[in-house]
Amino acid sequence: MRPLRRWLDDTAGGLPATFWYLWAGLLINRAGAFAMLFLSLYLTSARSASEAVAGAVVGAYGAGGAAGVLLGGVLADRWGRRSTLLAAHLVTAALMVALAFSRHLVVIAVLAALVGVVHSMPSPAFVAAIVDVVPEQRRSRAFNLQFWAFNLGMAVASLLAGVLAEASFVALFLVDAAATLLAAVVIAWKVPETLPSRARTARRAPILDGLRSSGTATVHHPVGSGPPAPAVGPGLRPRRPGLHTALTDRVFLVFVGLTFVLAVLTLQTSTIMPLAMRTDGLSPSAYGAVVALGGVLIVLGQLFVPRLIERHRKDHVLAVSTGLLALGFGALAFADDLPVYLGAAVVWTVGSMLAAPPNAQINADLAPPELRARYQSVFYLAFPAASFVAPTLGGVSLQYLGERHWLIVGGLGLLAAAGHLWAGPPRERRVAALRRAAAERPEPALTGR
């Protein structure tokens with residue numbers, strides 16, 4: 001019993017109650033977010049849409065997601081985490097009900113784009129709220145649990161969606177709406193506003209870290225020492241920190257670029273690998289077995305990751321994890337039968353599991369407190385971008401290069417692994433500078449209970 005208690009404490013101990021309510025809301029949200037998984041099937045079978053039209057509608061949903069993640073970040077920093085989460089969940093529920101009873105394809109396309117917006121809005125707010133309430137030394141385990149809940153919820157959603165879609169597409173949308181409302185109730189009942197009060201006053205009087213002279217045109221920071229300072233000059237007001245701060249932060253953007261490569265690698269599973277398996281003469285059930293294996297490994301093994309990586313530097317963990325992804329997908333160049341695919345899936349899934357906690361923690365560490373959600377929104381843009389690039393370029397590469405496609409993917413992953421080792425020291429200097437600045441300021445109060 002003592003080893004079990006120690007493992008439970010290392011995995012989930014010391015986390016505040018607000019985190020667990022956020023975690024529960026995320027799990028319910030993901031477990032119930034299954035209607036859009038079957039959107040293309042719903043359009044082609046129930047609405048008699050062509051494959052091209054179905055693809056365009058699904059594309060509208062993806063485009064809405066890119067806009068929603070930025071909107072969610074801005075609102076979560078300006079309006080509040082709790083308010084953004086509640087608004088996104090309530091609007092999502094209403095749109096799902098509207099989709100359930102819509103018949104015209106144009107209306108469905110517009111509603112799908114709006115669902116894409118509100119589906120993506122909670123992501124920056126969820127993560128920013130977790131960073132607000134969880135002490136820094138425990139954030140790694142919090143993000144590990146968040147990743148686990150996300151994947152567990154998606155696994156449940158996939159199972160429920162298949163059953164409901166066979167019974168009724170209307171039920172599919174209505175049950176999705178009900179689950180979304182349940183998540184909103186948990187957040188409204190148990191999650192206080194976590195936006196630090198200092199972040200709200202910072203909108204009126206932003207703190208210009210590192211700004212020491214008033215007569216210069218621009219203050220330059222050494223690489224890795226802190227976020228870019230706004231340009232100032234005689235008679236000019238300093239530019240307030242905002243979304244542009246994250247979009248011009250070179251150290252942060254390098255990290256986002258490396259995360260984009262990680263996302264491109266991971267999306268090979270759902271975009272290009274099924275085509276490669278079909279070319280190798282493998283059945284759809286074989287593809288399902290490979291995907292299911294990855295899900296089972298994450299659900300069973302993710303909770304053991306924090307103790308495995310806690311004594312290692314984050315850039316080293318990310319280099320190893322990205323290297324494993326590269327090796328796993330690169331091995332598909334030599335895969336002709338199911339056992340090789342399953343073995344490769346074990347390798348790249350372990351890489352994904354190792355990457356999740358440090359990836360999220362670095363993202364949180366690099367963000368100034370008053371811009372926490374905005375930084376999250378820029379970070380999350382890597383995923384819709386990768387969801388466009390992976391199938392578009394990957395399909396062309398597979399068609400013309402064949403199995404050499406996987407060697408290119410593996411080489412890209414190895415370059416990203418080296419990139420983490422190169423970018424790690426500047427990131428650590430940035431985080432250290434932000435910690436020193438935070439230590440010199442009074443501790444902000446939460447605006448909620």
Side-chain angles (χ1 to χ4, degrees), residues 30-31 33-45 51 54-55 58-59 61-62 150-166 172 262-302 324-353 355 383 386-410 412-413:
R30 288 296 92 196
F34 41 62
M36 305 311 284
L37 297 175
F38 278 68
L39 181 61
S40 59
L41 180 61
Y42 165 70
L43 291 168
T44 53
S45 61
E51 292 181 353
V58 174
Y61 171 77
F150 184 91
N151 282 276
L152 178 61
M154 289 298 292
V156 173
S158 300
L159 293 173
L160 291 177
V163 174
L164 286 171
E166 290 185 4
L172 191 71
L262 179 73
V264 168
L265 266 63
T266 303
L267 284 168
Q268 299 298 310
T269 307
S270 58
T271 57
I272 306 303
M273 189 183 71
L275 302 177
M277 294 184 72
R278 184 180 63 186
T279 302
D280 288 332
L282 297 173
S283 66
S285 62
Y287 170 67
V290 174
V291 174
L293 175 62
V296 169
L297 286 175
I298 290 174
V299 171
L300 296 181
Q302 190 66 46
L324 288 173
L325 283 160
L327 292 175
F329 286 111
L332 296 187
F334 311 100
D336 293 314
D337 50 23
L338 182 57
V340 179
Y341 277 97
L342 291 172
V346 172
V347 176
W348 74 59
T349 302
V350 170
S352 297
M353 292 164 61
F383 299 97
S387 68
F388 172 77
V389 169
T392 305
L393 296 184
V396 175
S397 174
L398 187 67
Q399 179 177 343
Y400 290 101
L401 299 177
E403 293 180 342
R404 286 174 291 176
H405 164 78
W406 299 112
L407 296 178
I408 294 173
V409 171
L412 181 65

For [X] and [Y], which heavy atoms make the closest approach, and how far apart are they?
X    : Y    : result
A390 : L267 : CB-CB, 3.9 Å
V340 : A335 : CG1-CB, 3.5 Å
L265 : G413 : CD2-CA, 3.7 Å
L325 : S352 : CD2-OG, 3.6 Å
A355 : L262 : CB-CD2, 4.2 Å

Can you check side-chain contact (heavy atoms from CB on, under 4.5 Å) on I272 and F329, steps first, answer last? CA-CA 11 Å; I272 306 303; F329 286 111; over 6 Å; no

D337: which residues meet the side chain to side chain donor-acceptor pair (under 3.5 Å) condition with it, sequence neighbours left out?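 D337: no side chain to side chain donor-acceptor pair (under 3.5 Å) contacts found.
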
Just how far is it from atom CG of L338 to atom CE of M277, taken to the nearest 0.5 Å?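 Rounded to the nearest 0.5 Å, the CG-CE separation comes out at 5.5 Å.
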
Nearest-0.5 Å distance that lies between atom CG in L398 and atom CE in M273: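 Atom-to-atom, L398:CG and M273:CE are 12.0 Å apart.
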
N/O donor to acceptor pairs below 3.5 angstrom from side-chain atoms of residues 402-410, sequence neighbours left out:
residue : atom : partner : partner atom : Å
R404    : NE   : L401    : O            : 3.3
H405    : ND1  : S397    : OG           : 2.8
H405    : NE2  : Q268    : OE1          : 3.1

Acceptor/donor pairs from residues 286-302 side chains to any protein atom, 3.5 angstrom cut, sequence neighbours excluded:
residue : atom : partner : partner atom : Å
Y287    : OH   : T269    : O            : 3.1
Q302    : NE2  : N144    : OD1          : 2.6
Q302    : NE2  : M353    : O            : 3.1

Apply side-chain contact (heavy atoms from CB on, under 4.5 Å) to L282 and Y341, showing your working. CA-CA 10 Å; L282 297 173; Y341 277 97; 3.7 Å; yes

Contact between V396 and Q399 at the side-chain level, heavy atoms closer than 4.5 Å - yes or no?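 No, their side chains stay 4.5 Å or more apart.
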
